2 protein chains.
Amino acid sequence: MSTAEETTGGEVEPWEEVTPDAARRLLVAAVEAFAERGYHATTTRDIAGRAGMSPAALYIHYKTKEELLHRISRIGHDKALGILRTAARREGTAKERLADAVSSFVRWHAGRRTTARVVQYELDALGPDARAEIVALRRQVDAEVRRIIEDGVAAGEFDVLDVRGTTLAVLSLCIDVARWFNVDGPRTPEEVGALYADLVLRMVGAR
Amino acid sequence: MSTAEETTGGEVEPWEEVTPDAARRLLVAAVEAFAERGYHATTTRDIAGRAGMSPAALYIHYKTKEELLHRISRIGHDKALGILRTAARREGTAKERLADAVSSFVRWHAGRRTTARVVQYELDALGPDARAEIVALRRQVDAEVRRIIEDGVAAGEFDVLDVRGTTLAVLSLCIDVARWFNVDGPRTPEEVGALYADLVLRMVGAR
DNA sequence: GCCGACGGTGAGCGGGCGCTTAGCGTGGCC
DNA sequence: GGCCACGCTAAGCGCCCGCTCACCGTCGGC
């Protein structure tokens, strides 16, 4: 159905870069809890409990609850940006690159919905410094999509009046998948990715 | 630029249906606080403080903090649904009705961004009963948009393969405006409404 | 076999939370 | 002018939060 993204040989176990093992278990537990109830409604006792540890164990691996969110957000944004870059910078026409970028970006937001939810919707819970770091990553995401659209317009493939506005709308559409996508629902991440790639090509007036 | 929505003579003061005055001041304060920091991160002391009252005053007018959120969510959804209905049920082609519906719905999400944010993103903080009530309203919102698209397809105005999926995407696009729209940013609600109406017409392949 | 390093626990701290209650000022009605 | 009803406040209750600290079991190195 499409090509780019985590093709290192099937499904990559996420968070494998987080060591030691106990720190990863805590982080995975935090992702689930934050996604389900939101950062502020999640207690450190809940996170530790999900990881099968006492509340105090959390503070051996992380200074604060906010540091957990920061790490999740940072790693998640890196991953999302990487997926988008792989698709955006492959060879092919702007149309092919945009379709690939959108479908793989959407597949990630649907398939890794819990992570995406935390990454996209808990930004305001971070302190000023951490937030600034994440906002910079988001600007890179925006620039990546904008470049494909600009390329398409320059090549006469796309018909777009407001490039910045359209870029914003395309990203907004993809990101919001993390809000409504339901794992038990009727659509697979692949189906949503394909549908959205088509819709976005229409939005940019692809020939 | 468009016609439907709160055209009772300029800007309608929102929440005017909430009485007495003190209850309305508390509710407006709660909307601002919930929009800024989220429901769980907002304290009853903060809400009362913004309304110029003591913390205890809140409980004269509302049984709990959650009742405040419920009232805000209910009134906000009613308003959003009303705006959409007005546009959807006017006379005209499906193309005109869809453009009007999207632009007015988007203008509301941008112009009343604080309210829209609470309404769209704090659903999970409600208890089961209140959530069920709101979810029912959302289904009506979905049905309203889907009907326009179905009409357009039946009339040969639109070219849509997956009506449900496209409806979902259109609403998702509009709703997410409440997440990113910035009052101090470069775009007015009217501009975003016009841009989005155009993008949505492209998505449905309007002739 | 002892010993230090390290990852973990149980108990609990200071504080802020949602919410309650006793009482007070004021304005309308006779 | 007296009195009651109502809207509001000051104070605080009980609870649970994020986080800390004193202590402990295990395991590799000599």
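Within every chain, numbering begins at 1; the chains are lettered A, B, ... in the order of the sequence lines, protein sequences first and strands thereafter. Since we're looking at a predicted model, the values are computed, not measured.
Between the side chain of B/T42 and the backbone N or O of B/A33, at least one donor-acceptor pair lies under 3.5 Å. Here the side chain of B/E67 pairs a donor or acceptor atom with the backbone of B/K63 at under 3.5 angstrom. For B/S103 (side chain) and B/A99 (main-chain N/O), a donor-acceptor pair under 3.5 Å exists by modelled atom type. Under a 3.5 Å cut-off, the side chain of A/R45 and the backbone N or O of A/P55 do not form any donor-acceptor pair.
Between the CZ atom of B/R24 and the C1' atom of D/dG7 there is a distance of 16 Å, given to the nearest Å. When the C1' atom of D/dC16 is taken as reference, atom CD1 of A/I47 falls 15 Å away, rounded to whole Å. With rounding to whole Å, B/D46 atom CG is found 14 Å from C/dG18 atom C1'. Look at OH on B/Y39: it is 12 Å from C1' on C/dC17, rounded to the nearest Å. A/D21 places its CG atom 18 Å from the P atom of C/dC6, with the value rounded to the nearest Å.
Interface residues of residues 51-63 of chain A facing DNA chain C, ordered by number: A/M53, A/S54, A/A56, A/A57, A/I60, A/H61; criterion, heavy-atom separation under 4.0 Å.
Going from atom NZ of B/K65 over to atom CG of B/L58 covers 10.0 Å, rounded to the nearest 0.5 Å. Put simply, CG on B/D151 and CZ on B/F158 are 8.5 Å apart, with the number rounded to the nearest 0.5 Å.
Donor-acceptor pairing under 3.5 Å, judged by distance alone, is present between the side chain of A/R45 and the base of D/dG18.
With A/D100 as the partner, the salt bridge (Lys or Arg N to Asp or Glu O under 4.0 Å) test is satisfied by one option alone out of A/R90, A/R85, A/R89: A/R90.
Stem regions for DNA chain D, each three or more consecutive Watson-Crick or G-U pairs with both distances under 3.5 Å and listed by first number, read C:1-30 with D:1-30.
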Q | Working for side-chain contact (heavy atoms from CB on, under 4.5 Å), residues A/E66 and A/L126 | A | CA-CA 7 Å; A/E66 196 200 316; A/L126 290 171; 4.2 Å; yes
